[in-house]
A.B. asks: 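Questions regarding the structure given below will be posed in turn.
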Amino acid sequence: MGIISRGFHGRGRDEGVKLPPGQYLVHDFPVLSAGPTPRIPLDRWEFTIETETGEKHRWSWQDLMALPSETPTVDLHCVTKWSKLGTTWQGVSLDVLFEDVATTADYALVHAYGGYTTNLPLEDLLDGKAWIAYQFDGEELESEHGGPARLLVPHLYLWKSAKWVRGIQMTQDDEPGFWESVGYHNYGDPWREQRYWGD
Amino acid sequence: MPRGRLEWRIAELIQVKDETPTARTLLFDVPGWPGHLAGQHVDVRLTADDGYSTQRSYSLSAPDRVELTVQKVADGEVSPYLTEVLETGDKLELRGPVGGWFVWRPTGKAPVTLIAGGSGIVPLMAMIRARREAGGATPFKLIYSARAPDERYYAPELRRPEPGVDVTYLYTRAVPEGWTRPPGRITVADVNSGAWPAEFEPDCFVCGPTGFVEAVADMLVALGHDPRRIKTERFGPTGG
């Protein structure tokens with residue numbers, strides 16, 4: 001425990017909910033991104049998975065819509081300290097997208113329209129842990145929240161859930177992405193409070 | 001940037017300055033502070049006597065000292081404490097610096113456009129101060145949108161003429177006597193006249209509430225700026 005702040009009592013204890021360390025509860029949906037919001041017309045949208053051998057798997061918007069979808073209800077934890085609980089999404093599980101992808105690489109570098117990247121181990125994308133999400137709360141995903149589609153990996157800090165996702169590149173070596181290169185933790189587990197380098 | 005762990009440090013409040021009726025600047029003494037770049041922020045941690053603790057992020061307002069300007073958020077948990085309860089001599093915990101993207105380095109050669117909405121001026125002021133400290137060769141333009149004249153931060157400092165720093169004020173609710181622009185939100189025309197044109201390839205830094213930042217970043221893109229040169233930082237409504 002740190003030093004006591006004289007005269008600080010705190011507000012609620014976050015409504016009795018268990019949150020990761022250092023997080024506080026919000027009920028709105030704050031927006032965070034590093035630059036302008038890219039806008040991608042659906043007829044030009046595509047999602048690709050490229051393996052370490054250069055083999056490319058592509059999905060158009062119609063292809064994605066034709067795949068079986070799930071509606072996960074998950075908690076979101078942003079490294080800027082807010083957590084939002086019980087959010088409902090619709091999207092395609094990465095298990096479905098990786099079904100026919102032959103790879104022995106252990107790492108994924110996720111690319112987004114606009115140039116954003118983020119990295120994570122492949123195993124964090126599989127086994128029901130991640131989706132390409134295109135609806136939030138029953139509505140089309142707004143562009144400021146990553147629409148038309150974003151990656152959703154809710155067990156890691158939200159910067160790993162790349163907005164405006166465009167593709168996943170499989171890599172043998174772990175390559176730091178955008179925030180991971182400028183001080184943020186390489187893995188980003190909120191329950192271990194892995195916010196920054198060295199955490 | 002140091003690769004080591006960002007340790008929590010004890011910060012002692014040594015000076016307070018009111019910027020507006022609801023915002024104040026807090027200067028801390030932080031032994032062992034590693035230094036920071038203009039635009040970076042810190043995490044502040046407060047702990048109650050029952051062990052409950054909470055954290056928030058605040059932008060640093062100066063490049064050469066650990067100084068924050070905090071806007072009181074009416075229903076906030078931390079900002080009312082920092083703006084109304086904390087007194088000089090009090091201590092809190094702080095760690096940083098955080099964020100290596102929304103930063104301006106004095107070695108930057110490109111002209112700089114800064115566009116602030118409300119308390120979004122804080123990290124941009126750190127950039128203006130860093131420029132001044134470094135001798136100020138890079139031309140800056142600042143557009144600062146505030147609700148009313150008395151809600152501007154750093155008003156006396158920004159009023160002093162500074163060669164190479166061009167300041168444009170916009171007001172959304174109330175304007176000074178004789179002000180020709182009616183109160184209102186920032187428009188493309190405001191950005192077009194107050195910012196460097198896209199042909200100059202400026203670095204653009206935009207900071208403010210989400211709606212403001214979304215709107216301004218879109219305007220800059222529409223005016224032909226390369227999206228990669230537009231860096232944004234958003235203070236959500238939950239910044240409290």
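Sequence lines set the chain letters: A, B, ... in the order given, protein chains first and strands last, and positions in each chain run from 1. What you see is a predicted model, and the numbers here were worked out from it, not measured in a lab.
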A.B. asks: If the condition is ring pair (Phe, Tyr, Trp, His ring centres under 6.0 Å), which residues does His145(A) pass it with, not counting sequence neighbours?
C.D. replies: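 By the ring pair (Phe, Tyr, Trp, His ring centres under 6.0 Å) rule, His145(A) matches Phe29(A).
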
A.B. asks: Mark yes when over 12 heavy atoms from residues, nucleotides or ligands other than Arg39(A) sit less than 6.0 Å from its CZ; otherwise mark no.
C.D. replies: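 Yes.
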
A.B. asks: Tell me the closest heavy-atom pair linking Arg95(B) and Asp199(A), and the distance in Å.
C.D. replies: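 For Arg95(B) and Asp199(A), the tightest heavy-atom pair comes out as NH1-OD1, 2.8 Å.
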
A.B. asks: To check you understand the geometry: which heavy-atom pair defines the closest contact between Ala48(B) and Ile4(A), and what is its length?
C.D. replies: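 Answer, listing the atom of Ala48(B) first, then Ile4(A): O-CD1, 3.5 Å.
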
A.B. asks: Between Leu220(B), Leu86(B), Leu46(B), Ile230(B), which residue shows the highest count of heavy-atom pairs closer than 4.5 Å to chain A?
C.D. replies: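 Most heavy-atom pairs within the cutoff with chain A belong to Leu46(B).
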
A.B. asks: What part of His41(B) gets closer than 4.5 Å to chain A, counting heavy atoms only: side chain, backbone, both or neither?
C.D. replies: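 The side chain, not the backbone.
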
A.B. asks: Flag yes if more than 12 heavy atoms outside Asp173(A) fall under 6.0 Å of its CG atom; otherwise flag no.
C.D. replies: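 No, CG of Asp173(A) has 12 or fewer neighbouring heavy atoms, counting only those of other groups under 6.0 Å.
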
A.B. asks: Are side-chain N/O atoms of Ser5(A) and Arg45(B) paired as donor and acceptor at under 3.5 Å?
C.D. replies: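 Note: Ser5(A) and Arg45(B) side chains miss the donor-acceptor criterion.
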
A.B. asks: Going from NE2 on His9(A) to CG on Asp50(B), what distance comes out if it is rounded to the nearest 0.5 angstrom?
C.D. replies: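 Taking NE2 in His9(A) and CG in Asp50(B), the distance rounds to 10.0 Å.
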
A.B. asks: What are the two closest heavy atoms between Arg6(A) and Tyr81(B), and how far apart are they?
C.D. replies: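 Heavy atoms of Arg6(A) and Tyr81(B) come nearest at O-OH, 2.5 Å.
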
A.B. asks: Using heavy-atom distances under 4.5 Å, tell me whether Ser143(A) contacts chain B through its side chain, its backbone, both, or neither.
C.D. replies: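 Neither the backbone nor the side chain of Ser143(A) comes within 4.5 Å of chain B.
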
A.B. asks: With rounding to the nearest 0.5 Å, note down the distance linking CD in Glu233(B) to OG1 in Thr80(A).
C.D. replies: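 OG1 of Thr80(A) is found 9.5 Å from CD of Glu233(B).
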
A.B. asks: Is there a donor-acceptor contact under 3.5 Å from the side chain of Arg228(B) to the main chain of Gly35(A)?
C.D. replies: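 Answer holds: no.
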
A.B. asks: For Glu87(B), which atoms come within 4.5 Å of any heavy atom of chain A: side chain, backbone, both, or neither?
C.D. replies: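 For Glu87(B), heavy atoms of backbone and side chain both lie under 4.5 Å from chain A.
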
A.B. asks: To check you understand the geometry: which heavy-atom pair defines the closest contact between Pro36(A) and Pro227(B), and what is its length?
C.D. replies: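 Closest pair (atom of Pro36(A), atom of Pro227(B), distance): CD-O, 3.6 Å.
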
A.B. asks: Would you indicate whether the side-chain heavy atoms of Ser33(A) and Arg234(B) approach each other to under 4.5 Å?
C.D. replies: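 The answer is yes, as the side chains (C-beta and beyond) meet within the 4.5 Å cut-off.
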
A.B. asks: Which region of Val221(B), side chain (C-beta onward) or backbone (N, CA, C, O), has a non-hydrogen atom less than 4.5 Å from a non-hydrogen atom of chain A, or is it both or neither?
C.D. replies: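 Side chain of Val221(B) only, per the 4.5 Å heavy-atom cut-off to chain A.
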
A.B. asks: Where the side chain of Thr37(A) meets the backbone of Asp218(B), is there a donor-acceptor pair that is under 3.5 Å apart?
C.D. replies: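 Such a contact is absent between Thr37(A) side chain and Asp218(B) backbone.
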
A.B. asks: With a 6.0 Å cut-off (strictly less than), is the heavy-atom count around CZ of Arg9(B), excluding the residue itself, greater than 12?
C.D. replies: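 Result for CZ/Arg9(B): enclosed.
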
A.B. asks: Please lay out, stage by stage, how Val98(B) and Arg195(A) fare under the test side-chain contact (heavy atoms from CB on, under 4.5 Å).
C.D. replies: CA-CA 10 Å; Val98(B) 177; Arg195(A) 298 182 194 277; over 6 Å; no

A.B. asks: Taking all non-hydrogen atoms of both residues into account, name the closest pair between Thr47(B) and Phe8(A) and its distance.
C.D. replies: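 The answer is C-CD2, 3.8 Å.
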
A.B. asks: Are there more than 12 heavy atoms of other residues, nucleotides or ligands under 6.0 Å from atom CD of Glu123(A)?
C.D. replies: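 Counting neighbours around CD of Glu123(A), 12 or fewer heavy atoms of other residues, nucleotides or ligands fall under 6.0 Å, so no.
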
A.B. asks: I want to check something: taking the side chain as every heavy atom from C-beta on, are Asp43(B) and Lys81(A) in contact at a cut-off of under 4.5 Å?
C.D. replies: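 A side-chain contact under 4.5 Å exists here.
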
A.B. asks: Of all residues at least two apart in sequence or in a different chain, which pass the side-chain hydrogen bond (donor to acceptor under 3.5 Å, both in side chains) check with Glu144(A)?
C.D. replies: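 Scan of Glu144(A) (side-chain hydrogen bond (donor to acceptor under 3.5 Å, both in side chains), adjacent residues dropped) gives none.
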
A.B. asks: Please identify which of these residues, Tyr116(A), Phe178(A), Trp159(A), meets the ring-ring contact (aromatic ring centres under 6.0 Å, His included) condition with Trp101(B).
C.D. replies: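 That would be Phe178(A); it is the only one of Tyr116(A), Phe178(A), Trp159(A) passing the ring-ring contact (aromatic ring centres under 6.0 Å, His included) with Trp101(B).
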
A.B. asks: Tell me if the CD atom of Glu140(A) is crowded by more than 12 foreign heavy atoms within 6.0 Å.
C.D. replies: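 No, CD of Glu140(A) has 12 or fewer neighbouring heavy atoms, counting only those of other groups under 6.0 Å.
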
